[in-house]
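Below: one structure, written as structure tokens.
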Amino acid sequence: MIVRGLHSSFDAGGDAALATLFYPGDDSRLDEARLTGQVPADDTDAPWPVVVLLPGINVVPDGYRWLAHRLVADGLCVVTYAAIGSLGPAGRGITPGIDLAALAPDTIGTRPSATALGPLLTQLAELAADEQCPVAGRVNLGRVVVGGHSAGGTAALHNSDPGWVPGLQGVFAYAAHTMVATALGHGEAAVVPIPAQVPIMLLGGADDGVIAASRDRYRTDDEAHDPVRRTFAEAIVRQQGDSWLVELADAGHFAICDPVDTTSGRSFLEPDPTTVDPAIRNLLGDLIAGFVATSLDLPTDASLDRLVDHPSVRHWDRR
């Protein structure tokens with residue numbers, strides 16, 4: 001098996017977007033792709049459940065390719081994307097696609113705020129129905145896990161209602177939370193509920209300089225600012241022992257990215273976001289893979305109960 005990618009474009013709620021679907025390719029049939037580059041699928045685990053990765057603001061999706069490789073090896077297909085849209089005062093750039101009006105106090109939780117997620121799933125359905133496509137008939141959109149990083153993780157959490165994402169089985173987020181900005185009309189340090197009726201994993205780094213530098217968006221008081229832990233404690237209604245909080249020692253906001261693009265986004269808020277211990281990133285991959293497999297009821301060697309005892313886990317909780 002080798003990992004291959006299919007590239008496509010889609011309309012993300014009015015914004016242009018490029019997506020890549022990573023899938024298991026059949027390395028015994030490479031000669032068939034000699035002229036086209038389209039490698040036939042490895043059908044061993046087909047149809048594959050789908051993992052959707054929502055990007056952070058101005059974070060190039062190539063930074064998540066390592067994670068896509070890690071998950072495809074487990075018999076999944078993974079889609080990354082970048083929409084180019086409004087970033088408010090920051091102009092235009094890479095965005096997970098967020099409808100800020102849907103996050104206002106009187107509308108939050110009543111309708112989807114992720115403008116790219118629905119169109120992306122529609123695009124995947126079209127690829128899966130195209131008989132000329134290597135993944136035709138092999139994508140299981142009835143079994144979906146949605147994950148994200150930073151603003152993409154927050155979008156994943158806010159849009160975790162299975163009524164909005166058919167087939168949703170689980171949600172994970174790194175360096176994300178549901179504390180909402182006062183500029184949207186919310187009170188100081190307000191944490192809003194996560195609508196998910198599925199397992200949730202919140203992951204974070206103990207040295208997250210971006211979350212620390214962003215506190216002015218949410219509060220002006222002198223209280224401790226830890227929106228990830230507060231989100232786990234206050235925003236998750238579901239309590240069935242299958243939702244997790246894991247905080248990694250010596251990990252920053254961009255520990256989930258490899259490589260880290262220091263020309264874009266706010267990576268300058270951390271001393272050197274490119275020097276992540278490979279063991280930390282491997283642990284992060286194992287944690288996500290274990291959570292995804294558990295949410296999809298798939299066999300896995302990555303036991304979450306065992307992984308959270310790793311010496312690089314600074315803090316964990318379960319509910």
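Because only heavy atoms are used, hydrogens play no part in the values below, and waters and symmetry mates are left out as well, while side chains stay in.
- Here the side chains of Leu283 and Leu248 are in contact, with some heavy-atom distance below 4.5 Å.
- Of the charged side-chain nitrogens involved, at least one lies within less than 4.0 Å of a carboxylate oxygen, so that Asp286 and Arg70 count as a salt-bridged pair.
- Val228 and Leu202 get closest at one heavy-atom pair: O-CD1, 3.8 Å.
- Taking 4.5 Å as the limit, every side-chain heavy atom of Asp242 sits out of range of all side-chain heavy atoms of Thr294.
- Side-chain atoms of Val79 and Thr20, non-hydrogen and from C-beta on, never get closer than 4.5 Å to each other.
- When all heavy atoms of Tyr81 and Thr95 are compared, the closest pair comes out as CE1-O, 4.2 Å.
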Inset, instruction - Apply side-chain contact (heavy atoms from CB on, under 4.5 Å) to the pair Cys77 and Val51, showing each step before the final yes or no. - result: CA-CA 6 Å; Cys77 65; Val51 178; over 6 Å; no

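- Between Arg219 and Met179, the closest side-chain pair of non-hydrogen atoms falls below 4.5 Å.
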Legend entry - Check against side-chain contact (heavy atoms from CB on, under 4.5 Å), Glu270 and Phe254: CA-CA 9 Å; Glu270 297 183 334; Phe254 298 93; 3.7 Å; yes

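- Counting non-hydrogen atoms of other residues, nucleotides and ligands closer than 6.0 Å to CG of Asp301 gives a total of 12 or fewer.
- Counting heavy atoms from C-beta on, the side chains of Val72 and Tyr23 never come closer than 4.5 Å.
- Residues satisfying the ring-ring contact (aromatic ring centres under 6.0 Å, His included) criterion with Tyr174, sequence neighbours excluded, are absent altogether.
- With salt bridges taken as basic N to acidic carboxylate O contacts below 4.0 Å, one links Asp221 and Arg215.
- Phe291 places none of its side-chain heavy atoms less than 4.5 Å from the side chain of Thr300.
- For the pair Pro119 and Asp11, the tightest heavy-atom approach, listed with the atom from each and the gap, is CB-O, 3.2 Å.
- Going from atom CE of Met1 over to atom OG1 of Thr44 covers 9.0 Å, rounded to the nearest 0.5 Å.
- From His310, atom NE2 reaches atom CG of Leu284 across 11.5 Å, with rounding to the nearest 0.5 Å.
- The two residues Leu67 and Gly285 have their closest heavy-atom pair at CD1-CA, 4.3 Å.
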Legend entry - Test side-chain hydrogen bond (donor to acceptor under 3.5 Å, both in side chains) applied to Asn159 and Ser113, step by step: CA-CA 7 Å; Asn159 293 271; Ser113 58; 3.0 Å; yes

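- Rounded to the nearest 0.5 Å, atoms CD (Gln169) and CG (Asn140) are 9.0 Å apart.
- Atom CG of Asp297 has 12 or fewer neighbouring heavy atoms from other residues, nucleotides or ligands inside a 6.0 Å radius.
- Between Phe22 and His69, the ring planes lie tilted relative to each other; the angle falls in the 30° to 60° range.
- Aromatic ring pairs are classed by plane angle as parallel below 30°, tilted from 30° to 60° and perpendicular above 60°; the pair His253 and His149 is tilted.
- Asp250 has no carboxylate O lying under 4.0 Å from a charged side-chain N of Arg314, or vice versa, which leaves the two without a salt bridge.
- Counting heavy atoms from C-beta outward, Leu76 and Leu296 have side chains that approach closer than 4.5 Å.
- Distance check, rounded to the nearest 0.5 Å: CG of Leu269 to CD1 of Ile211 gives 11.5 Å.
- The closest side-chain heavy-atom distance from Asp258 to Val276 is not below 4.5 Å.
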